[in-house]
Amino acid sequence: MQKRNGGRWFRLVMAMLPLLGLLIFSDAAFAAAEPPPVEVDWWIWVVALFVFSFFLGIVAVVAGVGGGVLYVPIVSSLFPFHLDFVRGAGLMVALAGALSAGSPLLKKGLANLKLALSMALIGSVSSIFGALAGLALPSHVIQLTLGLTIVFIAIIMLRAKKSEFPEVAAPDRLSQILHIQGIYYEDSLKKDIDWKIHRTPVGLLLFVVIGFMAGMFGLGAGWANVPVFNLVLGAPLKVSVATSVFVLSINDTAAAWVYLHKGAVLPLIAVPSIAGMMLGTKIGARLLTRVKTKSVRVIVITLLLLAGFRAILKGFGI
Amino acid sequence: MNDNHAHPNNAQLVYAFVLHWVSTLGIFIVVAGFAVYVFELLPQSVAIDAVAKSWHLSAAELNQRYPLPTGWTWVSDILNGDILSFASIVYLSAATILCLLAVAWVFLKEKNGIYTVIALLQVLVLVFAASGIIGSGH
């Protein structure tokens with residue numbers, strides 16, 4: 001019975017995705033930067049945003065991506081909100097998700113506080129500057145760079161390798177000074193996994209760049225945090241994913257304050273998005289074992305590419 | 001240091017505990033604040049219709065048109081529904097600062113100098129961002 005329900009949900013999500021693709025390229029979507037017609041009541045947009053964020057939450061979990069990275073390009077294409085408010089809401093969506101997921105990940109010992117704090121300190125400073133830059137630059141420049149970034153993220157998702165348990169021959173000096181190491185229980189192997197990291201200075205530099213981009217585009221940054229933790233620093237994949245969520249909660253907080261102070265967070269847009277996305281991720285987590293995650297991932301990458309190219313076209317005024 | 005066993009250390013557990021309660025309360029406050037706003041249970045500083053007719057404008061343009069909350073100027077108007085809803089989002093953004101303060105205290109008690117400094121520096125960065133010294137106004 002449960003399996004049949006899962007199938008029904010999956011079909012519903014799948015049915016919605018081509019619609020999204022169509023809408024991304026529709027005339028209405030292209031007119032998003034223009035003053036919208038006023039005949040649609042505000043509450044219809046708010047309810048539509050809630051429902052849309054709900055489905056986005058399901059798809060995000062099933063595809064294994066953060067909600068923020070899907071939210072900003074797709075909502076800015078489909079809804080009549082200015083990109084400033086979509087990015088502000090995107091940051092709040094990513095922040096709320098990270099806050100609610102953070103506690104269990106820390107309790108299980110998957111997220112590592114010391115690894116996160118060391119990287120987040122530098123990343124949060126750059127995310128403030130990223131947010132300031134994002135709100136200061138003209139919209140078409142942000143559209144263009146957002147589009148390029150989204151296409152880049154889609155390519156990373158397509159090509160990036162993952163390493164369950166990377167080899168770290170010896171920890172570097174800085175990680176030893178910072179005591180960044182740990183042990184977690186790997187359920188699939190029924191044993192403790194001892195891990196340490198290397199190339200810490202390189203990781204710190206990369207987090208400067210990641211923080212800046214996260215703040216600038218309001219994307220969240222799991223797509224970049226995880227490969228850096230996993231492939232550059234050599235943390236196990238599960239530790240990388242969990243610690244990434246935790247770093248997000250700190251870096252997005254820093255950038256969110258800039259958006260709040262600039263008046264770029266509208267409750268009418270941010271709250272339905274947060275609520276819809278959080279409900280959706282809970283449902284998505286239940287569906288995770290019942291749907292073909294690989295097919296959903298391909299669809300999400302395709303959607304990201306479409307949304308990315310759309311943003312690039314918008315950036316060029318096409 | 002008690003990193004070398006499979007259970008999370010004390011600082012991590014304290015952070016998790018504070019985060020759980022702060023974020024659970026946060027979600028409740030955000031939803032409640034929004035309900036007060038959209039069901040117009042309190043007066044509004046800017047009508048919902050007015051915001052909705054202008055949300056295609058940039059943040060700078062919209063804020064020139066209407067007195068929407070920026071910086072900390074909104075605090076005195078908190079008994080307006082729209083400001084209350086905005087304040088609930090501000091609370092959510094402050095959640096991490098509360099967790100970091102708690103964990104800085106744990107590190108201090110454990111005499112872990114490096115991480116006391118890192119946690120306090122992180123608090124300073126976030127408080128600096130929250131202060132609006134940079135970023136507020138247009």
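Sequence lines set the chain letters: A, B, ... in the order given, protein chains first and strands last, and positions in each chain run from 1.
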Point to revise | Option in A/L83, A/I250, A/V125 with maximal non-hydrogen atom pairs under 4.5 Å from chain B | key: A/I250

Point to revise | Side chain to side chain, A/P272 and B/F34, heavy atoms closer than 4.5 Å | key: yes

Check your understanding: For the atom pair CG (A/L266) and CG (B/L68), what is the distance rounded to the nearest 0.5 Å?
Key -> 6.5 Å

Point to revise | Under 4.5 Å from a heavy atom of chain B, the part of A/A136 involved | key: neither

Review point. Given a strict heavy-atom distance threshold of 4.5 Å, which part of A/L91 is in contact with chain B: side chain, backbone, both, or neither?
Key: neither

**Study point:** Contacting moiety of A/A270, where chain B heavy atoms sit under 4.5 Å
**Key:** side chain

Exercise for review: Answer yes or no: are there more than 12 heavy-atom neighbours, outside A/F50 itself, under 6.0 Å from its atom CZ?
Suggested key: yes

Revision key, fill the gap. If one checks every heavy atom of A/I274 against chain B at 4.5 Å, the contacting part turns out to be side chain

Exercise for review: Among A/L95, A/I193, A/V46, single out the residue with the greatest number of heavy-atom pairs under 4.5 Å to chain B.
Suggested key: A/L95

**Study point:** Point-to-point distance, once rounded to the nearest 0.5 Å, from CG of B/L19 to CG of A/L105
**Key:** 9.5 Å

Point to revise | Contact class of A/L260 relative to chain B, heavy atoms under 4.5 angstrom | key: both

Practice item. Find out whether A/L178 and B/I114 are in side-chain contact, i.e. whether some heavy atom of one side chain is under 4.5 Å from a heavy atom of the other. Key: yes

Study note, to complete from the structure: Heaviest contributor of heavy-atom pairs below 4.5 Å to chain B, chosen from A/V271, A/D84, A/L117, is A/V271

**Study point:** Interface moiety of B/V103 toward chain A, non-hydrogen atoms closer than 4.5 Å
**Key:** side chain

Point to revise | Per-residue contact mode, B/V30 against chain A (heavy atom under 4.5 angstrom) | key: both

Review point. Which answer fits A/Y259, side chain, backbone, both or neither, if we ask what part of it has an atom under 4.5 Å from a heavy atom of chain B?
Key: neither

Study note, to complete from the structure: If you tally heavy-atom pairs under 4.5 Å between each of B/S23, B/S58, B/G26, B/G33 and chain A, the highest tally belongs to B/S58

Point to revise | Proximal to chain A - members of residues 77-91 of chain B, heavy-atom separation under 4.5 Å | key: B/D82, B/S85, B/F86, B/I89, B/V90

Practice item. Answer with side chain, backbone, both or neither: which region of A/A256 has an atom nearer than 4.5 Å to a non-hydrogen atom of chain B? Key: side chain

Practice item. For residues A/F81 and B/L57, determine if any side-chain heavy atom of one lies less than 4.5 Å from a side-chain heavy atom of the other. Key: no

Review point. Is any side-chain heavy atom of B/I27 less than 4.5 Å from a side-chain heavy atom of A/M278?
Key: yes

Review point. Among A/A98, A/A120, A/A275, A/G88, who wins on heavy-atom pairs under 4.5 Å with chain B?
Key: A/A120

**Study point:** Contact check, side chains of A/K262 and B/T70, non-hydrogen atoms, under 4.5 Å
**Key:** no

Practice item. Calculate, to the nearest 0.5 Å, the distance between atoms CG and OG belonging to B/L126 and A/S124 respectively. Key: 5.5 Å

Check your understanding: When only heavy atoms count and the cut-off is under 4.5 Å, which of residues 93-102 of chain B reach chain A?
Key -> B/S93, B/A94, B/A95, B/T96, B/I97, B/L100

Check your understanding: When rounded to the nearest 0.5 angstrom, what distance separates CZ in A/F85 from CG in B/L62?
Key -> 4.5 Å

Review point. For chain A, which of B/D49, B/I48, B/L92 has the most heavy-atom pairs under 4.5 Å?
Key: B/I48

Exercise for review: Measure distances from A/L268 to the heavy atoms of chain B and classify the residue's part below 4.5 Å as side chain, backbone, both or neither.
Suggested key: both

Exercise for review: May I ask you to test the B/F107-A/L113 pair for a side-chain heavy-atom distance under 4.5 Å?
Suggested key: yes

Check your understanding: Is B/W72 close to A/H261 at the side-chain level, that is, under 4.5 Å between some pair of heavy atoms?
Key -> yes

Exercise for review: Find the distance between CH2 (A/W257) and CZ (B/F128) and round it off to the nearest 0.5 Å.
Suggested key: 14.0 Å

Point to revise | Contact origin within B/L13 toward chain A - heavy atom pairs under 4.5 Å | key: side chain

Point to revise | Verdict with supporting geometry, B/Y15 and A/S103, side-chain contact (heavy atoms from CB on, under 4.5 Å) | key: CA-CA 8 Å; B/Y15 197 107; A/S103 181; over 6 Å; no

**Study point:** Euclidean distance, B/Q12 CD relative to A/L110 CG, rounded to 0.5 Å
**Key:** 9.5 Å

Point to revise | Region of A/V86 that comes under 4.5 Å of a non-hydrogen atom in chain B | key: neither

Exercise for review: Verify the neighbour count for atom CH2 of B/W105: are there more than 12 heavy atoms of other residues, nucleotides or ligands below 6.0 Å?
Suggested key: no

Revision key, fill the gap. Nearest heavy-atom approach of B/N63 to A/G263 is ND2-O, 3.4 Å

Check your understanding: Is there a side-chain contact between A/H82 and B/W55 (heavy atoms, below 4.5 Å)?
Key -> no

